[in-house]
Asker: 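The structure follows.
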Amino acid sequence: RCIAAAAAATLPAQLQLHTAHLRLHTAATRRTMASRALAAYAALSTKRPYAVAFGSCAVKGVIADTISQRIVEGKQEQNWKRTAVFAFYGGWYCGWFQHALYNVGYARLFGLDTSLKNALRKVAFDSAIHVPLVCFPVYYAYKGALYDGIGVRGGLERYSNEWKMICSNYYMVWVPA
């Protein structure tokens with residue numbers, strides 16, 4: 001009887017130890033799976049940079065718009081047309097175009113120097129030329145044509161009326177950063 005009682009008393013401790021071991025094994029397995037997934041993503045990014053850039057930024061567009069609609073705006077229903085427009089914009093402009101701009105164009109324009117001076121040149125060019133003269137007008141034209149129903153010209157006219165406010169807000173966020 002004493003042996004059976006002692007064995008019964010140690011069973012919960014053994015079960016706890018086994019459960020803890022399973023948790024550690026599960027966590028290690030998840031870390032291994034995550035490492036493999038990241039390694040595969042990195043390899044694919046090198047092999048197919050434009051496809052991965054498009055896909056990654058399209059997914060980011062879906063997530064960002066969903067957060068914006070559901071949490072920021074408090075909407076109960078998802079506007080899937082809007083989400084699709086942002087997903088495609090994310091893939092096309094933030095993925096394809098900006099990959100070409102930052103990883104190819106800037107490398108040719110500014111070289112591969114990683115000094116602070118060269119980084120500041122890139123940021124200055126981006127802030128003074130790319131964003132106000134390319135990024136924002138493309139966004140307004142794209143949104144005007146595919147979402148607002150006012151066409152490319154209507155989107156660009158809207159930007160011409162709002163550019164001072166938009167750029168001011170952009171600089172207030174990014175200059176201090």
Side-chain angles (χ1 to χ4, degrees), residues 34 37-38 41-177:
L38 287 174
Y41 180 83
L44 190 58
S45 291
T46 302
K47 186 177 179 181
R48 312 267 314 186
Y50 287 96
V52 171
F54 184 93
S56 299
C57 291
V59 168
K60 183 179 75 168
V62 169
I63 293 168
D65 188 55
T66 299
I67 290 170
S68 180
Q69 287 189 47
R70 297 296 180 103
I71 296 171
V72 176
E73 299 169 21
K75 293 182 177 178
Q76 298 298 314
E77 295 286 323
Q78 183 86 7
N79 179 339
W80 289 107
K81 177 186 176 190
R82 178 178 134 174
T83 301
V85 167
F86 278 107
F88 189 72
Y89 176 81
W92 171 73
Y93 187 81
C94 299
W96 285 342
F97 179 78
Q98 288 187 349
H99 172 79
L101 176 69
Y102 293 126
N103 297 315
V104 179
Y106 276 32
R108 289 182 183 155
L109 190 61
F110 298 105
L112 300 175
D113 178 23
T114 59
S115 69
L116 178 60
K117 179 182 176 183
N118 202 37
L120 291 174
R121 288 177 28 190
K122 291 176 184 179
V123 169
F125 182 86
D126 206 52
S127 297
I129 306 296
H130 169 238
V131 171
L133 301 179
V134 179
C135 181
F136 288 155
V138 167
Y139 171 76
Y140 272 76
Y142 178 87
K143 186 174 176 280
L146 295 179
Y147 184 71
D148 295 331
I150 58 175
V152 170
R153 173 173 260 143
L156 292 173
E157 286 173 6
R158 182 176 286 166
Y159 178 64
S160 72
N161 294 326
E162 297 178 2
W163 74 271
K164 288 180 185 175
M165 184 224 9
I166 296 297
C167 289
S168 175
N169 291 340
Y170 170 80
Y171 294 131
M172 283 191 290
V173 170
W174 289 107
V175 170

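Scope of the values below: all heavy atoms of this structure, side chains included, with no hydrogens, waters or symmetry mates. Along the sequence shown, residues are numbered consecutively beginning with 1.
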Asker: What distance separates T83 OG1 from Y147 OH, expressed to the nearest 0.5 Å?
Answerer: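 The OG1 atom of T83 sits 8.5 Å away from the OH atom of Y147.
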
Asker: Rounded to the nearest 0.5 Å, how far apart are CG of N118 and CZ of R121?
Answerer: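 The CG atom of N118 sits 4.5 Å away from the CZ atom of R121.
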
Asker: So, using ring pair (Phe, Tyr, Trp, His ring centres under 6.0 Å) as the criterion, who are the partners of F110 when residues are at least two apart?
Answerer: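 In terms of ring pair (Phe, Tyr, Trp, His ring centres under 6.0 Å), with neighbours along the sequence ignored, F110 is linked to Y106, F125.
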
Asker: Kindly write out the residues that satisfy side chain to side chain donor-acceptor pair (under 3.5 Å) with S115, not counting sequence neighbours, or none if the list is empty.
Answerer: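 In terms of side chain to side chain donor-acceptor pair (under 3.5 Å), with neighbours along the sequence ignored, S115 is linked to D113.
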
Asker: Measuring from atom CZ of F97 to atom OH of Y102, what distance do you get when rounded to the nearest 0.5 angstrom?
Answerer: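 Going from the CZ atom of F97 to the OH atom of Y102 covers 8.5 Å.
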
Asker: Is it true that, when you exclude W92 itself, more than 12 heavy atoms of the residues, nucleotides or ligands shown sit nearer than 6.0 Å to its CH2?
Answerer: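 Yes, the 6.0 Å shell around CH2 holds more than 12 heavy atoms from other groups.
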
Asker: According to salt bridge (charged side-chain N to carboxylate O under 4.0 Å, His left out), who are the partners of D65, at least two apart in sequence or on a separate chain?
Answerer: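 D65 satisfies salt bridge (charged side-chain N to carboxylate O under 4.0 Å, His left out) with R82 only.
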
Asker: For a 4.5 angstrom cut-off between non-hydrogen side-chain atoms, does D126 reach K122?
Answerer: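 D126 does not reach K122 side chain to side chain.
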
Asker: Quick one: list whatever passes side chain to side chain donor-acceptor pair (under 3.5 Å) with N103, sequence neighbours left out.
Answerer: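 For N103 the side chain to side chain donor-acceptor pair (under 3.5 Å) partners, ignoring immediate neighbours, are H99.
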
Asker: Short question: side chain of Q78, backbone of Q69 - any donor-acceptor pair under 3.5 Å?
Answerer: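 Between the backbone of Q69 and the side chain of Q78 there is no qualifying donor-acceptor contact (under 3.5 Å).
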
Asker: Under 3.5 Å, is there a donor-acceptor pair between the side chain of W96 and the main chain of Y50?
Answerer: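 Checked: pair present.
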
Asker: Apply the test side-chain contact (heavy atoms from CB on, under 4.5 Å) to residues I63 and I67: give CA-CA distance (whole Å), side-chain angles for both, the deciding distance (0.1 Å), then the verdict.
Answerer: CA-CA 6 Å; I63 293 168; I67 290 170; 3.8 Å; yes

Asker: S45 side chain to Y41 main-chain N or O, any donor-acceptor pair under 3.5 Å?
Answerer: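 Such a contact is found between S45 side chain and Y41 backbone.
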
Asker: Is the closest side-chain heavy-atom distance between R158 and N161 below 4.5 Å?
Answerer: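 A side-chain contact is absent here, since even the closest heavy-atom pair is not under 4.5 Å.
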
Asker: Counting only heavy atoms not in K60, do more than 12 fall under 6.0 Å of its NZ?
Answerer: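 Count not over threshold, so no.
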
Asker: Extract all donor-acceptor atom pairs below 3.5 Å that involve side chains of residues 133-146 and protein atoms in other chains or at least two apart in sequence.
Answerer:
residue, atom, partner, partner atom, Å
Y140, OH, E162, OE1, 2.7
Y142, OH, V85, O, 2.9
Y142, OH, Y89, N, 3.1
K143, NZ, D148, OD1, 3.2
K143, NZ, D148, OD2, 3.1

Asker: Please name all residues satisfying side chain to side chain contact (heavy atoms under 4.5 Å, CB included) with Y171, sequence neighbours left out, ordered by chain then number.
Answerer: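 Listed in chain order: S127, P132, C167, V175.
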
Asker: Does R48 CZ have over 12 foreign heavy atoms under 6.0 Å away?
Answerer: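 For R48, atom CZ is not crowded (no more than 12 foreign heavy atoms under 6.0 Å).
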
Asker: Counting only heavy atoms not in E77 (residues, nucleotides, ligands), do more than 12 fall under 6.0 Å from its CD?
Answerer: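 No.
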
Asker: Indicate the atoms forming the closest heavy-atom contact of A87 with V62, along with that distance.
Answerer: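 Minimum heavy-atom contact is CB-CG2, 3.5 Å.
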
Asker: Please report the closest heavy-atom contact between C94 and Q98, naming both atoms and the distance.
Answerer: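 Heavy atoms of C94 and Q98 come nearest at O-CB, 3.5 Å.
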
